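From a predicted model like this one, the values you see are computed outputs, not experimental measurements.
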Amino acid sequence: LVQVKHRQQKVSVAEVRELEGLLRRDGDIGLIVSSAGITAEGEREIRSSHRHIDTMDQDRLIGLWQEHYEKVTQAGKTLLPLVQVFFLAPSDITT
C-alpha cells in the first residue's frame with residue numbers, strides 16, 4: 001500500500017500509524033512517498049514497527065525516475081517529462 005504526500009509539511013507519526021494500521025495481512029508492505037520528508041517521530045515509528053514500511057523522499061523519487069526513464073511508457077512520461085541537458089565540462093577535467 002502506498003501513501004503519497006506532496007506538500008510542505010513532513011509526514012507525521014500519526015500518518016505513519018494510519019498506514020501501519022492498513023497493513024493487516026502477512027506480507028503486506030507499505031510505502032510512504034513524501035516530497036517534504038518524514039518527521040523524526042515518524043521515522044522512529046517506522047523503525048520500531050513490526051510491519052514493513054519503506055520511505056521515499058523527493059530526491060529518491062526523481063533519482064529512480066531518471067534511472068528507469070527509458071523503460072517508462074509514453075503515458076508515464078507525460079506525467080513527469082524529463083529533458084536531458086548537457087553542460088560543457090571544465091577544461092581541467094581529463095577523460
Least distance between heavy atoms, [X] atom then [Y] atom:
| X | Y | value |
| --- | --- | --- |
| Glu20 | Glu45 | OE1-OE2, 2.9 Å |
| Gly30 | Leu23 | N-CD1, 3.7 Å |
| Thr39 | Ser12 | OG1-CA, 3.9 Å |
| Ser35 | Gln58 | CB-OE1, 3.3 Å |
| Trp65 | Leu82 | CD1-CD1, 3.5 Å |

* To do: For a side-chain contact (heavy atoms from CB on, under 4.5 Å) with Ile32, tell me which candidate from Asp57, Ile38, Leu1 qualifies.
  =>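 For Ile32, the side-chain contact (heavy atoms from CB on, under 4.5 Å) test succeeds with only one of Asp57, Ile38, Leu1, which is Ile38.
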
Q | Of Thr55, Leu31, Leu19, the residue whose pairing with Gln3 passes side-chain contact (heavy atoms from CB on, under 4.5 Å) | A |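 Passing option: Leu19.
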
### Query
Any donor and acceptor pair, going by atom type alone, linking the side chain of Arg51 with main-chain N or O of Arg24 inside 3.5 Å?
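Such a contact is found between Arg51 side chain and Arg24 backbone.
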
### Query
Rounded to the nearest 0.5 Å, how far apart are CG of Leu80 and CD of Gln66?
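With rounding to 0.5 Å, CG (Leu80) is 9.0 Å from CD (Gln66).
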
Rounded distance (nearest 0.5 Å) linking atom CD1 of Ile53 with atom CG of Leu22 =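 Rounded to the nearest 0.5 Å, the CD1-CG separation comes to 9.5 Å.
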
_His6 atom NE2: more than 12 heavy-atom contacts under 6.0 Å_ =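 No, not enclosed.
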
request  = For side-chain contact (heavy atoms from CB on, under 4.5 Å), just list the numbers for Val16 and Glu43, CA-CA rounded to whole Å, side-chain angles, deciding distance to a tenth of an Å, and then say yes or no.
outcome  = CA-CA 9 Å; Val16 170; Glu43 291 283 356; over 6 Å; no

Might you work through the salt bridge (Lys or Arg N to Asp or Glu O under 4.0 Å) test for Glu41 and Arg47, ending with a clear yes or no?
-> CA-CA 10 Å; Glu41 295 84 12; Arg47 284 193 302 274; over 6 Å; no

query = Taking C-beta and beyond as the side chain, do Arg60 and Asp54 meet within less than 4.5 Å on heavy atoms?
reply =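 Yes, at least one pair of side-chain atoms sits under 4.5 Å.
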
Point to revise | Electrostatic pair Glu18-Lys5, nearest N-O below 4.0 angstrom | key: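 Looking at Glu18 and Lys5, the cut-off is not met.
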
Applying a strict under-4.5 Å side-chain criterion to I, L, V, M, F, W and Y, I'd like to know whether Leu61 and Val4 cluster together.
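Yes, because Leu61 and Val4 connect within a single hydrophobic cluster, where side-chain heavy atoms sit under 4.5 Å apart.
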
Applying a strict under-4.5 Å side-chain criterion to I, L, V, M, F, W and Y, I'd like to know whether Ile29 and Val33 cluster together.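 Unlinked, Ile29 and Val33 end up in two clusters.
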
